[in-house]
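Because only heavy atoms are used, hydrogens play no part in the values below, and waters and symmetry mates are left out as well, while side chains stay in.
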Amino acid sequence: MKRLVSILSLLALLLAPSAAFAQSDLVAFGNGVHVRAGHVVRDAVSFGGDTVVEGTVTGDAVSFGGSVILHEDAAVSGDVTSFGGTVVD
């Protein structure tokens with residue numbers, strides 16, 4: 001468990017600077033993210049919550065500790081991955 005927390009912490013540190021400068025990414029720590037219908041983001045990543053996609057993700061949709069939920073009109077160009085949850089489409 002400590003190793004998993006260490007890995008997730010490292011990933012959070014690596015993603016945090018890119019989230020600060022790339023306004024088109026949607027990243028949340030301790031919560032889920034929701035790409036609403038009609039919205040376009042590059043990557044949608046949640047740590048500790050679900051990643052819900054109704055709109056368009058031009059990169060990856062990822063959840064650490066939650067599920068990735070793709071609604072009917074969702075579009076993801078990259079990878080769809082859930083660590084510790086499921087992918088629902």
Side-chain angles (χ1 to χ4, degrees):
M1 184 66 180
K2 288 183 181 182
R3 183 175 181 186
L4 176 62
V5 171
S6 296
I7 291 171
L8 292 178
S9 297
L10 178 61
L11 286 171
L13 290 173
L14 293 174
L15 289 176
S18 64
F21 297 111
Q23 305 238 344
S24 60
D25 289 341
L26 185 57
V27 179
F29 301 96
N31 290 310
V33 297
H34 190 162
V35 181
R36 303 206 181 272
H39 290 145
V40 178
V41 300
R42 184 172 57 193
D43 292 318
V45 182
S46 66
F47 294 89
D50 293 338
T51 297
V52 179
V53 181
E54 293 180 286
T56 301
V57 178
T58 60
D60 301 326
V62 181
S63 177
F64 295 92
S67 295
V68 177
I69 302 165
L70 305 173
H71 284 257
E72 184 176 339
D73 294 328
V76 179
S77 298
D79 295 327
V80 177
T81 308
S82 171
F83 298 96
T86 60
V87 175
V88 181
D89 61 353

Among the clusters formed by ILVMFWY side chains lying less than 4.5 Å apart, do Val41 and Val68 turn up in the same one?
yes
Is there any side-chain hydrogen bond (donor to acceptor under 3.5 Å, both in side chains) pair reaching into residues 75-89, and which pairs are they, with sequence neighbours excluded?
Ser67-Thr86
Please tell me whether Val87 and Val52 are part of a single hydrophobic cluster in this structure, the criterion being side-chain heavy atoms less than 4.5 Å apart.
no
Any chain of hydrophobic side-chain contacts (each under 4.5 Å) joining Ile69 to Val80?
no
Val62 side chain reached by Phe83 side chain, heavy atoms, under 4.5 Å:
yes
Rounded to the nearest 0.5 angstrom, the CZ-CZ distance for Phe64 and Phe47 is 5.0 Å
Which side-chain hydrogen bond (donor to acceptor under 3.5 Å, both in side chains) pairs, counting each pair once, include a residue from residues 46-62, with sequence neighbours left out?
His34-Glu54, Ser46-Thr51, Ser46-Ser63
When Leu70 is tested against each of Val88, Val76, Val57 for side-chain contact (heavy atoms from CB on, under 4.5 Å), which residue passes?
Val76
